[in-house]
2 protein chains.
Amino acid sequence: MFDWTAMLAQVDPRSATPLYAQIAARLRVAVASAELRPGDPLPSVRQLATRLRINPATVVQAYRELETEGFAEMRQGAGTFVREVASDRRSRERARQARRLVRELIAEAGKLGLSTNDLLEAIQDELGAKTA
Amino acid sequence: MFDWTAMLAQVDPRSATPLYAQIAARLRVAVASAELRPGDPLPSVRQLATRLRINPATVVQAYRELETEGFAEMRQGAGTFVREVASDRRSRERARQARRLVRELIAEAGKLGLSTNDLLEAIQDELGAKTA
DNA sequence: TATAGTGTATTATATCACTAATACACTAGG
DNA sequence: CCTAGTGTATTAGTGATATAATACACTATA
């Protein structure tokens, strides 16, 4: 199950991150962590929009992003549903994708002139990792 | 000293982050890491705009942001100069920027459905940090 | 003191992301 | 079949960003 009520408190219109991105991010994680299972219906575009007091089109944008990424499927006239994810292929690519992101992090830090140590300390703060 | 030539290659108009923000971020860290020292002149608004092939107003916006934050001082008729910044604040600024990058990393990882552990392993590979 | 080089200010235009509003098209269930 | 409830599509408003064109005010220095 998924606690839709809790989501209401989490989505913040004043945040710098777009509403649609906040919604998509939350649901993406919900799918990844099996809070939402394949075949589960997402709330209708209008339902969620009404609950969040935002525009339906914004919810559509969130759902469309999830569909593009393969997390959900929008069926006209029926609704939007959680999709079965090809977990085999995804898990095989995880390490590779993670390394790519970390390399980008290092590149960005380099552009800004941040030292490796600056990064490691930030990682420790944000990810709670003990670094040596 | 500061390698202004290298900065030309780093500022990217196609990036999602605004040009003025890219410029300000780079110079902010340059001050924070003492690449640029108090009293050092920044390039004139027109000079930097010409070199970066962008509009002078965009450079002004970057400089003004730096001035608001206390990293630089704009003197009409004279130029823009690096301001004296306390060392503890410089280190705090580096930490702040590093945390910002790490948060972006985490957000991107979330989009891809990567776990914290996936990230930590990649960090260990790429940065040689021992993670627990 | 001339003047070239600074920052300052204003107005206008264009583009893009985000959100909104409002019709339209389809599907499922009675 | 019908209709309430879906997603779809189009158009528009808003704000941030960037560019552009000018004019102005100040400073350093030859």
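Below, all heavy atoms of this structure are taken into account, side chains as well, without hydrogens, waters or symmetry copies. In what follows, every chain begins at residue 1, and chains take the letters A, B, ... in the order their sequences are listed.
A straight line from CZ of A/Arg53 to P of C/dA21 spans 14 Å, rounded to a whole angstrom. The distance between atom CD1 of B/Ile54 and atom C1' of D/dT17, rounded to the nearest whole Å, is 12 Å. Between the CD atom of B/Gln61 and the P atom of D/dT19 there is a distance of 10 Å, rounded to whole Å. Rounded to whole angstrom, the span from the CD1 atom of B/Ile23 across to the P atom of D/dT17 amounts to 13 Å. For the pair B/Tyr20 OH and D/dT19 P, the computed distance is 13 Å after rounding to whole Å. Between A/Glu65 atom CD and C/dT19 atom P the separation is 12 Å, expressed in whole Å.
If you check residues 8-19 of chain B against DNA chain D, the residues with a heavy atom closer than 4.0 Å are B/Pro18, B/Leu19, listed by number.
The shortest distance between side-chain heavy atoms of B/Gln22 and B/Asp12 falls below 4.5 Å. Considering only heavy atoms from C-beta on, A/Leu112 comes within 4.5 Å of B/Arg100 through its side chain. Inter-residue side-chain proximity for B/Arg94 and B/Ser33 is flagged as met; some heavy-atom pair is nearer than 4.5 Å. Inter-residue side-chain proximity for B/Asp125 and A/Arg99 is flagged as met; some heavy-atom pair is nearer than 4.5 Å. Between A/Leu120 and A/Thr116, some side-chain heavy-atom pair lies under the 4.5 Å cut-off.
By the 4.5 Å side-chain criterion applied to Ile, Leu, Val, Met, Phe, Trp and Tyr, B/Leu19 is assigned to a cluster that also includes B/Phe2, B/Trp4, B/Met7, B/Leu8, B/Val11, B/Ile23, B/Leu27, B/Val31, B/Leu36, B/Leu42, B/Val45, B/Leu48, B/Leu52, B/Ile54, B/Val59, B/Val60, B/Tyr63, B/Leu66, B/Phe71, B/Met74, B/Val82, B/Val85.
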Once each nucleotide of nucleotides 4-11 of chain D is scored for protein heavy atoms under 4.0 Å, what B/S/- sequence comes out, 5' to 3'? -BBBB---
Going through the distances and angles, do B/Glu69 and B/Glu93 end up as a side chain to side chain contact (heavy atoms under 4.5 Å, CB included)? CA-CA 11 Å; B/Glu69 296 165 347; B/Glu93 178 58 25; 5.9 Å; no
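Grouping the Ile, Leu, Val, Met, Phe, Trp and Tyr side chains by contacts below 4.5 angstrom, directly or via other members, places A/Leu127 with A/Leu114.
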